[in-house]
Amino acid sequence: MVTDIVDATVDLPVARSAVWKLLRDPHVYPRVFPGIGSCEQLGTDQDSTRLRLRVGRDATDIQAVEVRLTVGRHLENLDLRCADGAFAAIRLDENGSVRRTRVTVTVFAADRVHPVVASASNRAVADWVTAGLHRLADLVRGAPTSTVTNAEDTSLRQQAGVARQMVATGVVRTYRLDRGLRQLGRLAKWGFTLAGGYAAGAAHSPHRFAIVDDHGDRTFAEVHDRTHALASALADLGYGPGDTVGVLSRNHAEMVEIMVAAGKLGVDAVLLNTGVAAARLAELADKHRMAAIFADPALEWLVRYLPPEIPRFTTTGPPPTSERLTVADLIAAGAGTFERPDTPGREIVLTSGTSGSPKSARRPQPKGFGTVAALLSRIPLRMNETMLIPAPLFHTWGLAALQISTPLRATVVLPERFDAEDCLRLIEEHGVSSLIVVPVMVNRILDLPDHVRDRYDLSSLRVVASCGAPLSEAAVLRFLDGFGDILYNVYGSTEVSWATIADPADLRLSPACAGRPPLGTRVAVLGPDRRPVPIGATGSIFVGNHMLFDGYTDAHAPAEADGMLDTGDVGYLDAGGRLFVAGRGDEMIISGGENVFPRPVEEALAHLPQVSEVAVVGVPDREYGQRLAAFVVARDGSRLDADMVRDYIRHRLGRFSVPRDITFLDTLPRNATGKILKRTLA
């Protein structure tokens, strides 16, 4: 049992001034001391800073603690003090050399800060303090510690981990040997592709619903048979390996069938963003030498600039002209026979283009159960449940969810358009257990009044998985408090697929964290020399896994280091192995000699009850080189002006983070996946 007073002393091989500088920065503490999840700065005065720390061990024991960080004699002492009398007094002395520092920490009434500490020993508390101080020294010395891997140390052991995950989840477990053999036979024939997934599902559970959309439903057997007929009809029209088709479609069964049929034929499918400009679509068609394009009737106007020699097919519903063939027409005409290609067709996904022109990225085909095992190692999806995917299938996250649904034999509900209340209706109607969303959808659900949410029974919902952009701390906590511990935040990109996943326990402690790497994934934070930086230091985020993309069709690939790809983002790893993303590397500005990121300002403003949405960007400044500009969407009826925003940020983050320009907007510009288009704001 811990006593009232615990002392810890450590000699660090670094200069006292460097240790002092780090100890004065309150945002360093969550990075180097496990169990401190986040640090919110509440205000400052001459010698002290008021902080709110989230402390705890798991989702069930998180507490918010208000602390005052008070600076004493320069380079000698400071302390952290709670209102209930608990404190940590820190003393620094030069230990016989200007390059060595003795740090003594006296902790009083640690059990008042958190009840878990009451059952710990004095030695455990002292070791926790000592380990954190050594990480401070690592920060000063540049120790290469920012690498975290979720994988066994040999390929054989990693494969065993994948196998354990597959058996435990039930992906490869069956009570009918004949069905299991047919399932594996279909996978052997079509591979771990969408085509292979639906073929295997048809062999194992032919009558289970695979897709439910706004117009009806399809069983696994129907999807397999219909895509065979569609592939046959396309082959009869002369399409085959080496060809590329465009798919301009919202979420529905026919979009899935086009992708599956193209894969069976060896035809690549370019998944076109429904928000693409008509002129840009014509450029993409030329760049990819599209042999045909499939388009929704409502999006027909976007194909008006395409050369007339490119054949057009209508995905679903009545075609715009009587001569136009639809997917239904092709399926009706297909005999179901065609030559299977040596290599299946691939999906080509456009990057979001929020900070530049969208690029076309070739998605790799999974080479085994590793993809499923990776996501299931961090997200508890189950077999034979119902998955709702309002996230666009042309987006990497929506496509990834569709791909993982097939080995789980999940029934996928595909609404063509997202509506927050209708999303809740679909969850109740279909008994949805997992919801696949992008962050703007989480925010729209949170914006629903309580009386609207209360109309629907959401008890079946176990997993809400969000990916595609950062979720604000305020949104994370509101969602967890309102819907329970069912939120999972996935960090990844078109290029690296997934990098880390934050589960509810991670998010309760550190709402802004991107989480930990799933099975078979390595994450490193590297400096300009491509070496790992210390735990807690900011650098470029690199990711390695078996689903790194196959390159762009129209741009140079990102930088590589030791088998990992550069995500283009910067961030840091904390002492618990969690990744935090500070923002895009090109978003950082230098204002008056200080490095400033927009995201902490966005996070701080998102906590204001008057703010609905906010985006912060860097703009040129004659005096300081660059400055921040904030674009704010205020809630209806709220009273908020530019001076209030500036004063709030000045007290929370300091003067270099204060946006000089404050613009109030009715809405923020977003692309079709809900990402804020910061380049248009800048």
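Throughout, residue positions are numbered sequentially from 1 according to the sequence presented.
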Got [X] and [Y] here, is their nearest side-chain heavy-atom distance under 4.5 Å?
X      : Y      : answer
Arg530 : Asp562 : no
Leu133 : Leu136 : yes
Leu579 : Tyr491 : yes
Leu23  : Leu69  : no
Arg81  : Thr70  : no
Val645 : Leu640 : yes
Ile379 : Val490 : yes
Glu560 : Leu565 : yes

Can you label the angle between the Trp20 ring and the His74 ring as parallel, tilted or perpendicular, going by 30° and 60°?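 Ring orientation of Trp20 relative to His74: perpendicular.
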
Main chain of [Y], side chain of [X]: is a donor-acceptor contact present, judged purely on distance under 3.5 Å?
X      : Y      : answer
Arg599 : Ser472 : no
Arg135 : Ile535 : no
Asn545 : Trp498 : yes
Arg516 : Gly576 : yes
Ser48  : Arg68  : no
Thr101 : Arg16  : yes

Option passing side-chain hydrogen bond (donor to acceptor under 3.5 Å, both in side chains) with Thr106 (candidates Asp7, Asp79, Thr9):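 Only match with Thr106 under side-chain hydrogen bond (donor to acceptor under 3.5 Å, both in side chains): Asp7.
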
The residue among Asp481, Asp503, Asp61 that forms side-chain hydrogen bond (donor to acceptor under 3.5 Å, both in side chains) with Arg508 is Asp481

Minimum heavy-atom separation for [X] to [Y], with atom names?
X      : Y      : answer
Ala373 : Leu519 : CB-CD2, 4.0 Å
Arg54  : Leu509 : CB-O, 3.6 Å
Ala374 : Pro518 : O-CB, 3.0 Å
Pro532 : Thr145 : CB-N, 4.3 Å
Cys513 : Asn489 : O-ND2, 3.7 Å
Ala109 : Ala86  : O-CB, 3.3 Å

Atom [atom1] of [X]: over 12 foreign heavy atoms under 6.0 Å:
X      : atom1 : value
Arg531 : CZ    : no
Arg91  : CZ    : no
Arg635 : CZ    : yes
Arg141 : CZ    : yes

Is Arg31 paired with Asp574 through a side-chain N to carboxylate O contact shorter than 4.0 Å? no

Considering only NZ, NE, NH1 and NH2 on the basic side and carboxylate oxygens on the acidic side, decide whether Arg52 and Glu473 come within less than 4.0 Å. no

